[in-house]
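Presented below is the structure to which this report refers.
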Amino acid sequence: MGEMFCFQCEQTGGGHGCTGRQGVCGKQAPTAHLQDKLTGAMIALAKAAEGTTPDAEVDRAIMEGLFTTVTNVDFEDATVQRYIDTIHALRDKLAAQTGKKADDYDMQQLWQDPSEDIRSLKSLLLFGMRGMAAYAFHALVLGRTDPEVNAFFYKGLRAVGTGHSMDELLPLVMECGQANLACMALLDAANTETYGTPVPTTVPLTIEPGPFIVISGHDLHDLELLLKQSEGKGVNIYTHGEMLPCHAYPKLKAYGHLKGNFGTAWQNQKKEFDGIPAPVLFTTNCLMPPSDSYKDRVYTTEVVAFPELVHIGADKDFAPIIDQALALGGYKEAQPLTGINGGSVVTTGFGHGTVLGVADKVIDAVKAGAIKHFFLVGGCDGAKPGRNYYTEFVEKTPKDTVVLTLACGKYRFNDLDIGEIGGLPRIMDMGQCNDAYSAIRVAGALADAFGTDVNGLPLTLVLSWYEQKAVVILLTLLSMGIKNIHLGPTLPAFVSPAILDFLVENFGIKPISTPEADLRAILAS
């Protein structure tokens, strides 16, 4: 089998694409080829489903298939092949009912498309759907689904696998962003209706003595199940990465053994998990190939998979993890860990429910001149050099400005103490990457209060990206007409020069430069 081709994430090889036997993420070429086959099979399924309303089984298979191809999710050939087999069986079942037989699409047709602009737009569409599928899946786990969101997966997949002009693809890319707005609203409702409205919460970074489990990823439902099964057993639970915002949900924080947060952002896991006396559960993406020093203590569930790791199946029996935590015993003494800037605590829980609850104070502070500007500094973190830009940017923001943040990019600065304005912290963590919906809600409310649109607010988005969930959030913002977004640390390899020119001309997309230069330009405009 030949070498792989993948350019869907920010760290892609040479800034152009991973083309060897292994991607920068650790994915092996055979796995990459299988994920391409899976995508081609889903395109065939979408074509077979045209003109029908697929049932819940097909909808879930499409979500899982797209989600499993997100970066840092599935590294195991056998599980990807099972997804392919499932998709083929569903395709054949549909074809028998409708008479529409569709062959698998060969993804090499896309990767080798002679038009780099068509390839760029189709990649934007495909990668956006992969990100949206992750959000739709989390909502589905909590019993929520949206037929219009589901329908777009089929529409978008068919577009990737058929001939389209740029004029046809551009509206579809924007439509993907609009579909994701509905998807994020769905997930926000699912999370808050199930676990309550997040409240501002201070989270310690110290690990207490005794047995413990670290849970990583994004899935609130998996955390709830783990908390229930470990309750009263003498095992503490610590969040990692994007699970940090879980501490702000009332029904989750009610568990006394949900103690704090372990470590920093996902890309530091190999160092931070090295030799820890505790097991780690990965519920979604952000898994890196584990080192031998802790591989025997890493578990996966749902769509996450890696060779030789124990996978917790649909029964969600976390007993093996709990038993191992008890056997390992944890630390004998408290371990005072810190954020990357030396802070010992972080805060979270400033979602739209909280911020809009004090909207009158925020509006008064703006009118009085106490708040001169808002910055949304957030997105994915990553290992590539240059991301200290976001730390320096936040450190240099004037004292009369507010920094909203979300996703794991906040770990670059969320342990900083940069003061308060009117009793509110200047850094407000709005939650996970999907909680970009909170930022959109807050921006919309402020725009209404000041009789303008979002582009008329003293608000600047300074975003970092790494994988496909960030891609679809960017598409959502663009589909809403939000302009002058600063994006980094590098621009996507799959965006062609012509498409980039279009984004710059129509939306004012700007690559980040230096914190000083960008702040000067923003505050002067």
Side-chain angles (χ1 to χ4, degrees), residues 177 180-181 184 188 198 242 244-245 347-356 358-359 362-363 365-366 371-381 387 389-398 400-414 416 418 421 424-447 449-450 452-466 469-489 507-512 515 518-519 521-523 525:
N180 187 60
L181 179 61
M184 289 194 298
D188 176 80
E242 284 271 60
L244 168 63
T347 58
T348 190
F350 291 90
H352 62 86
T354 293
V355 178
L356 294 181
V358 294
V362 174
I363 292 166
V366 174
I371 296 177
K372 296 287 180 60
H373 206 88
F374 296 88
F375 297 97
L376 174 60
V377 186
C380 308
D381 206 351
R387 289 179 178 266
Y389 166 95
Y390 298 95
T391 309
E392 296 173 16
F393 186 96
V394 170
E395 286 178 317
K396 295 177 187 300
T397 53
D400 55 4
T401 63
V402 170
V403 178
L404 306 173
T405 190
L406 48 81
C408 61
K410 63 177 168 270
Y411 280 100
R412 293 284 169 169
F413 51 81
N414 68 339
L416 291 171
I418 62 171
I421 294 180
L424 295 171
R426 284 190 54 226
I427 297 178
M428 295 190 220
D429 176 15
M430 307 190 86
Q432 297 180 339
C433 51
N434 56 280
D435 291 313
Y437 180 73
S438 274
I440 291 168
R441 285 282 305 274
V442 169
L446 290 174
F450 289 103
T452 184
D453 61 13
V454 173
N455 293 317
L457 290 172
L459 167 68
T460 303
L461 280 64
V462 184
L463 305 182
S464 56
W465 83 283
Y466 171 75
K469 289 188 285 183
V471 171
V472 79
I473 289 173
L474 177 63
L475 296 183
T476 297
L477 297 172
L478 297 181
S479 73
M480 296 175 66
I482 295 176
K483 297 183 178 182
N484 301 317
I485 297 171
H486 293 249
L487 183 63
F507 299 100
I509 291 277
K510 298 176 176 66
I512 60 172
D518 289 344
L519 276 167
I522 291 166
L523 296 174
S525 62

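Values below: all heavy atoms of this structure, side chains included; hydrogens, waters and symmetry mates excluded.
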Answer yes if the side chains of R426 and T397 hold a donor-acceptor pair under 3.5 Å, and no otherwise. yes
Applying ring-ring contact (aromatic ring centres under 6.0 Å, His included), can you list everything that pairs with H486, at least two apart in sequence or on another chain? none
Exam field: side chain D435 to backbone G351, donor-acceptor pair closer than 3.5 Å: no
Distance from F350 atom CZ to M428 atom CE, nearest 0.5 Å? 6.5 Å
Closest heavy-atom pair and its distance - I427, L416: CD1-O, 4.0 Å
Could you go through the side-chain contact (heavy atoms from CB on, under 4.5 Å) check for L406 and L376 one step at a time? CA-CA 8 Å; L406 48 81; L376 174 60; 4.2 Å; yes
Between I512 and Y390, is the side-chain contact (heavy atoms from CB on, under 4.5 Å) condition met? List the steps. CA-CA 10 Å; I512 60 172; Y390 298 95; 3.7 Å; yes
Check whether T347 reaches the backbone of D429 with its side chain - one donor and one acceptor, N or O, closer than 3.5 Å. no
My understanding is that only residues two or more places apart in sequence, or in another chain, count here; which of them pass ring-ring contact (aromatic ring centres under 6.0 Å, His included) with Y389? F393
Taking T401 for the side chain and H373 for the main chain, is one N or O donor matched with an acceptor at less than 3.5 Å? no
Those residues that, when tested against L478, pass side-chain contact (heavy atoms from CB on, under 4.5 Å) (two or more places apart): M174, L474, I485, L503, F507, I509
Residue pair C408 / E242: nearest heavy atoms and the distance that separates them: N-OE1, 3.4 Å
Would you check if the side chain of T452 reaches a backbone N or O of A447 as a donor-acceptor pair within less than 3.5 Å? no
Show, in sequence, the C-alpha distance, side-chain angles and deciding distance for H352 and Y437, and conclude whether the side-chain contact (heavy atoms from CB on, under 4.5 Å) test is met. CA-CA 8 Å; H352 62 86; Y437 180 73; 4.3 Å; yes
Test your reading of the model: is there a side-chain donor-acceptor pair from N180 to the backbone of T476, 3.5 Å cut-off? no
Exercise: identify the closest heavy-atom pair between L523 and P398: CD1-CG, 3.6 Å
Return yes if some donor-acceptor pair links the side-chain N/O of Q432 with the main-chain N/O of P245 below 3.5 Å, else return no. no
Quick one: does K372's side chain have a donor or acceptor within less than 3.5 Å of a partner on P458's backbone? no
Closer than 3.5 angstrom, by distance alone: can the side chain of S464 be matched with the main-chain N or O of C380 as a donor-acceptor pair? yes
